[in-house]
Amino acid sequence: MKKKFLSLFLVLAMALALTACGSNGGSNSGSGSGGDSSGDGSSSGAPAADGSEFNQLNIIAAHGAAETTSENASFLKFKELVEEKSGGVVTVDLYPNQQLGGDREYTEACVQGNVTMGGPSTANIAPFVPALNAFETPFLFSDRETVYKALDSAAGQALLDSLETAGLKGLGYFENGFRQLTCNKDINALSDLNGLKIRVMENEVHLAIWTALGANPGPLAFGELYTALQQKSFDAQENPAELIYNTKFFEVQDHVYLTNHIYTPYIIYINLDVWNGLNEATQNLIQECMDEAVAYCREICAENEQNCFDAINESGKSKTYEISDDLRAEMVAACSSVYDLVIEKAGGTYAQDLWAEAGFSPN
């Protein structure tokens, strides 16, 4: 752990040194808890010295997914767009694959002003932003078209806006995808889940879901999961296809069940004080480029997911399996006790509004 935080400090110190020449410390007008924007990701309050209409800004962006995932590709698209359209006045230094820590660690760093931008799974930062628990509703979305309609709705925007309570400005959603179950046993009926020791994210709703399904869920840091599965400390885990493939969980789990039990978005944010210290032209530029990156992410995600499934099936180590309609119906019915918890944890009407956009009824 000490080595991880030392590495984080060194990377951030290096980034600060590289950006100090072009940044004089922004003037902050935001009231969130985003920290001092004169650190990494700082901006000049006035237009750049070259006469550009944009504030000079170096964005330190972090996420936890591998370099080969659609999230990383989408961040690279954002970097390409914003650097090109700003003429290099706005730049992005990208740190994927937990280089600056896991979702919670770099989110805390962003709130404190030491990282500028991040893209965590919603469940991992729900402790900071409870409204995001709305996304953890089991079997909420039937397909991607329904997902995108909901994310682009007023309910989706309200969930982005809820980040401001934590000192973050929500910019959009990249795709993590539908979550699937992996294990080393046949799952043909709900009773086959009884006692299954499954790793889940440290989120109360996720723990409640798998408890309701009869399993024995427990949290574990994502970076420790492969070894835990290899050593059989856990029998199973659940994640979207790209993470199952790129983190090689299929090497130590020979069944991948296409349960689609939760759709998990990556929620993209920027430090709120940094955002409020930018002029309108720079804010509009960043949002426009993020919107284009979100569209790009949606273009590549379905194909990437299928490529991961194909590679798993061709690996000789694991196979994907559809679950029966009967098993799905059993799982949905077993989760009936979870929906009130989602409403409670999300607060307000965040969950109900998202459900309405998805055409979902828990009854």
Side-chain angles (χ1 to χ4, degrees), residues 63-78 94-99 102-103 119-121 123-124 141-145 147-148 173-188 192-193 196 198-201 220-266 293-324 327-328:
H63 68 82
E67 289 89 338
T68 50
T69 60
S70 58
E71 181 178 32
N72 194 63
S74 302
F75 264 116
L76 288 172
K77 174 60 71 172
F78 171 75
L94 181 59
Y95 297 91
N97 206 17
Q98 301 190 70
Q99 290 181 38
D103 285 353
S121 294
N124 281 338
F141 296 113
S142 57
D143 51 46
R144 279 187 169 83
E145 289 69 25
V147 168
Y148 299 154
Y173 300 99
F174 288 165
E175 180 157 326
N176 192 349
F178 285 97
R179 305 184 77 83
Q180 319 296 352
L181 168 67
T182 75
C183 59
N184 288 321
K185 63 175 289 189
D186 293 336
I187 305 293
N188 298 311
D192 293 326
L193 295 174
L196 188 74
I198 181 171
R199 177 270 179 186
V200 299
M201 290 185 284
L220 181 73
F222 184 76
E224 301 172 16
L225 181 52
Y226 182 93
T227 300
L229 294 172
Q230 188 178 45
Q231 295 176 347
K232 303 192 184 306
S233 301
F234 283 87
D235 305 317
Q237 67 87 44
E238 50 85 56
N239 260 300
E242 283 196 328
L243 294 184
I244 292 170
Y245 178 70
N246 286 292
T247 319
K248 302 187 184 302
F249 296 148
F250 71 94
E251 294 182 344
V252 289
Q253 300 264 272
D254 54 22
H255 291 66
V256 179
Y257 283 100
L258 307 185
T259 49
N260 290 342
H261 52 277
I262 289 178
Y263 176 90
T264 302
Y266 291 120
V294 167
Y296 173 76
C297 186
R298 294 179 182 181
E299 288 176 10
I300 64 175
C301 276
E303 182 179 357
N304 283 4
E305 180 184 71
Q306 188 58 53
N307 288 341
C308 289
F309 289 147
D310 291 344
I312 288 169
N313 285 321
E314 294 165 4
S315 69
K317 297 179 178 180
S318 187
K319 290 288 185 182
T320 62
Y321 300 87
E322 298 282 350
I323 64 169
S324 69
L327 175 54
R328 185 177 300 279

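Any value given below was found using the heavy atoms of this structure, including those in side chains, with hydrogens, waters and symmetry copies removed.
- In this structure, the side chain of Ser324 engages the main chain of Leu327 through a donor-acceptor pair within 3.5 Å.
- With hydrogens and angles disregarded, no donor-acceptor distance shorter than 3.5 Å links the side chain of Asn184 to the backbone of Ala236.
- Among residues two or more places apart in sequence or in another chain, the salt bridge (Lys or Arg N to Asp or Glu O under 4.0 Å) test is passed with Arg328 by none.
- In plain terms, the two heavy atoms of Ile244 and Ile312 that are nearest each other are CG2-CD1, 4.0 Å.
- Residue pairs meeting the salt bridge (Lys or Arg N to Asp or Glu O under 4.0 Å) criterion with at least one partner in residues 178-188, sequence neighbours excluded, are Arg179-Glu238.
- Judged purely by distance below 3.5 Å, without hydrogens or angles, the side chains of Asn260 and Gln180 pair a donor atom with an acceptor atom.
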Exercise for the section: Evaluate side-chain contact (heavy atoms from CB on, under 4.5 Å) for Leu258 paired with Leu181, printing each intermediate quantity in order. Expected result: CA-CA 7 Å; Leu258 307 185; Leu181 168 67; over 6 Å; no

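- A donor-acceptor pair under 3.5 Å links the side-chain atoms of Ser315 to the main chain of Lys317, judged by distance alone.
- Summarising the geometry of Cys297 relative to Ser74, their closest heavy-atom pair is CB-OG, 3.1 Å, with the distance given to 0.1 Å.
- A donor-acceptor pair under 3.5 Å is formed between the side chain of Asp103 and the backbone N or O of Ser121.
- For the pair Asn124 (side chain) and Pro120 (backbone), a donor-acceptor distance under 3.5 Å is absent.
- Note that OH of Tyr173 is 10.0 Å distant from CZ of Arg298, once rounded to the nearest 0.5 Å.
- With sequence neighbours left out, the ring pair (Phe, Tyr, Trp, His ring centres under 6.0 Å) criterion links Phe178 to Tyr263.
- Between the Tyr257 side chain and the Ile187 main chain, a donor and an acceptor come within less than 3.5 Å of each other.
- Without hydrogens or angle criteria, Asn72 side chain to Glu67 main chain gives a donor-acceptor distance under 3.5 Å.
- Of all non-hydrogen atoms in His63 and Gly119, the two that sit nearest each other are CB-O, 4.2 Å.
- The salt bridge (Lys or Arg N to Asp or Glu O under 4.0 Å) pairs that include a residue from residues 254-263 number zero, where partners must be two or more places apart or lie in different chains.
- Pairing each heavy atom of Ala73 with each of Tyr296, the nearest pair is O-CE2, 3.8 Å.
- The structure places OG1 of Thr320 at 3.5 Å from CG of Asn313, a figure rounded to the nearest 0.5 Å.
- Glu305 and Tyr245 form no side-chain donor-acceptor contact under 3.5 Å, judged by distance and modelled atom types alone.
- Between His255 and Tyr321, the distance separating the two ring centers is shorter than 6.0 angstrom.
- Distance alone, capped at 3.5 Å, places no donor-acceptor pair between the Ser70 side chain and the Ile300 backbone.
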Would you tabulate the side-chain donor-acceptor contacts of residues 220-235 under 3.5 Å, counting partners in other chains and residues two or more places apart, or write 'none'?
| unit_1 | atom_1 | unit_2 | atom_2 | d |
| --- | --- | --- | --- | --- |
| Tyr226 | OH | Glu251 | OE1 | 2.9 |
| Asp235 | OD2 | Lys197 | N | 2.9 |

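- A pairwise comparison of heavy atoms in Ser318 and Gln253 identifies OG-O, 2.9 Å as the closest pair.
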Practice task
Check the pair Gln237, Thr182 against side-chain hydrogen bond (donor to acceptor under 3.5 Å, both in side chains), reporting the backbone distance first and the verdict last.
Solution key: CA-CA 6 Å; Gln237 67 87 44; Thr182 75; 3.0 Å; yes

Practice task
Could you give me the CA-CA distance, side-chain angles and deciding distance for Glu175 and Arg144, then say whether side-chain contact (heavy atoms from CB on, under 4.5 Å) is met?
Solution key: CA-CA 10 Å; Glu175 180 157 326; Arg144 279 187 169 83; 2.6 Å; yes

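- The only member of Asn246, Asn97, Asn304 that meets side chain to side chain contact (heavy atoms under 4.5 Å, CB included) when paired with Thr68 is Asn246.
- In this structure, the side-chain contact (heavy atoms from CB on, under 4.5 Å) partners of Ala123, at least two apart in sequence or on a different chain, are Glu136, Met201, Asn203, His206.
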Handout entry: Candidate pair Phe174 and Phe75, rule side-chain contact (heavy atoms from CB on, under 4.5 Å), full reasoning
Key = CA-CA 9 Å; Phe174 288 165; Phe75 264 116; 3.9 Å; yes

